[in-house]
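Computed from a predicted model, the values in this text were never measured in an experiment. So you know, we letter chains A, B, ... as the sequences are listed, proteins then strands, and number each from 1.
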There are 2 protein chains.
Amino acid sequence: MGSEPSGRVAASGGRVAVALDLLRERNERVTRARQAVLETLDGTAEHLTADEIVSQAESIAPGVHRATVYRALATLGELGLVTHTHIGGAAAVYHLALPAPATARHAHLQCTRCQAVIDVPVDILAPLTATLDRDLGFQLEPDHAALLGLCADCRSAR
Amino acid sequence: MGSEPSGRVAASGGRVAVALDLLRERNERVTRARQAVLETLDGTAEHLTADEIVSQAESIAPGVHRATVYRALATLGELGLVTHTHIGGAAAVYHLALPAPATARHAHLQCTRCQAVIDVPVDILAPLTATLDRDLGFQLEPDHAALLGLCADCRSAR
DNA sequence: CTGCTTGCAAAGTGTTTGCAGGCCC
DNA sequence: GGGCCTGCAAACACTTTGCAAGCAG
């Protein structure tokens with residue numbers, strides 16, 4: 001399944017390795033729990049909820065605790081390595097913000113009927129971002145909360 | 001304080017009265033709890049959380065229960081009389097969607113630093129709404145979730 | 001060693017649900 | 001009087017926190 005030659009993380013080039021380096025750089029400790037969280041996030045293109053991260057991290061670092069995952073996500077978030085998005089009023093989803101914090105960012109649309117989450121490039125929000133900036137001085141974080149509405153399927157279905 | 005001549009709700013013209021009429025029209029029951037919720041929402045220009053609505057409704061209809069307020073808000077929401085907005089990952093805020101369901105709607109910006117909530121006319125989101133509609137067939141509900149970012153004050157402060 | 005991190009358990013929000021009784025129509 | 005609504009309590013989902021032990025540096 002994995003593209004790594006061995007069971008270990010690649011020594012260079014991998015996003016996890018980059019993240020771990022940044023941890024060391026900031027004098028944050030490199031722990032099994034944090035590695036497991038980073039590898040989990042690196043291993044999926046999906047948006048993972050904290051609970052899903054717990055499950056998957058569990059298989060990398062058995063015994064890792066839910067609370068620890070939350071704390072790791074908070075720390076990694078403060079360092080800018082991980083971002084989260086609030087989906088409606090429910091659980092937040094997390095993703096790795098690497099290689100560059102501003103690259104490949106996407107916003108989320110969620111359907112209020114079927115709950116589907118649709119990724120859209122942040123570009124779509126660029127005009128709005130500019131407007132809010134110009135008119136109100138508000139610096140939008142376009143990927144920090146999902147936009148809610150009805151998806152195409154549910155619109156035609158009802 | 002109030003602009004009503006007596007302690008009772010005005011027989012006509014009041015938003016609460018309009019809402020109650022619509023309830024009857026839909027064969028939904030007009031109960032003390034629902035009235036209290038509507039009057040509470042009518043009485044403030046603020047965005048109220050469910051908990052704040054409970055407190056204030058309590059003084060109109062003593063003994064009204066939290067769960068009942070949630071159910072009333074759900075029912076009123078389904079009828080289009082009340083809308084709610086998810087503010088970040090925290091409690092939703094509710095407002096009366098009257099007189100007309102599509103009038104005076106506003107979106108919410110929330111500052112991720114100072115938590116302030118800023119109202120903006122939905123017009124600002126019109127271009128985005130049009131883009132999402134055209135490109136993806138997604139029907140945005142611009143006031144259903146707050147947009148997160150940094151407010152002008154916090155931007156300059158840091 | 002020093003103290004940041006973890007595991008555990010428990011508490012804290014915000015919201016929903018099952019049930020029996022009560023009120024609206 | 002029939003059935004929708006309510007009050008109550010308990011459960012629920014997500015997240016946070018206090019504390020003692022553990023591991024990173």
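- Residue A:R34 contributes atom CZ, which lies 11 Å from atom P of C:dG7 at whole-angstrom precision.
- Listed by first and then second residue, the ring-ring contact (aromatic ring centres under 6.0 Å, His included) pairs that reach into residues 128-151 of chain B are B:H84-B:H144, B:H86-B:H144, sequence neighbours excluded.
- Look at B:T68 and you'll find a side-chain N or O under 4.0 angstrom from OP1 or OP2 of D:dG7.
- Atom CG of A:L38 and atom P of C:dT5 are 14 Å apart (whole Å).
- Residues forming a side-chain hydrogen bond (donor to acceptor under 3.5 Å, both in side chains) with B:D119 (at least two apart in sequence, or on another chain): B:H47.
- Side chain of A:E78 to backbone of A:T75: no donor-acceptor contact under 3.5 angstrom is found.
- In summary, the side chains of B:T112 and A:E141 do present a donor paired with an acceptor at a separation below 3.5 Å, with no hydrogens or angles considered.
- In this structure, CG of A:N27 is placed 10 Å from P of C:dT5, rounded to the nearest angstrom.
- Between the CD atom of A:Q35 and the C1' atom of D:dC23 there is a distance of 13 Å, rounded to whole Å.
- Phosphate contact (OP1/OP2 of C:dT6, side-chain N/O of A:T31, threshold under 4.0 Å): present.
- Taking CG of A:L73 as the reference point, atom CD1 of A:I53 lies at 4.5 Å (rounded to 0.5 Å).
- Nucleic acid contact class of B:G63 (heavy atoms, under 4.0 Å, all strands): sugar-phosphate only.
- At whole-Å resolution of the value, CD in A:E58 and P in C:dT6 are 15 Å apart.
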Atom pairs under 3.5 Å: protein N/O with N/O of nucleotides 12-16 of chain D:
residue	atom	partner	partner atom	Å
D:dT15	OP1	A:A92	N	3.2
D:dT15	OP2	A:Y70	OH	2.5
D:dT15	O5'	A:Y70	OH	3.4

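- The CD1 atom of B:I87 sits 11 Å away from the P atom of C:dT15 (whole-angstrom rounding).
- Side-chain contact check for B:T85 versus B:H106: every heavy-atom pair is 4.5 Å or farther apart.
- Looking at B:R32, its side chain has no donor and acceptor atom pair within 3.5 Å of the base of C:dG22.
- When all heavy atoms of A:R29 and A:L23 are compared, the pair lying nearest together is O-CD1, 4.2 Å.
- C:dT16 atom P lies 11 Å from atom CZ of B:R71, rounded to whole Å.
- Taking atom CG of residue B:L48 and atom C1' of nucleotide C:dT15, one finds them 17 Å apart after rounding to whole Å.
- Side chain B:R29 to base D:dC5: no donor-acceptor pair is found below 3.5 Å.
- Judged by distance alone with a 3.5 Å cut-off, no donor-acceptor contact links the side chain of A:R26 to the base of D:dG25.
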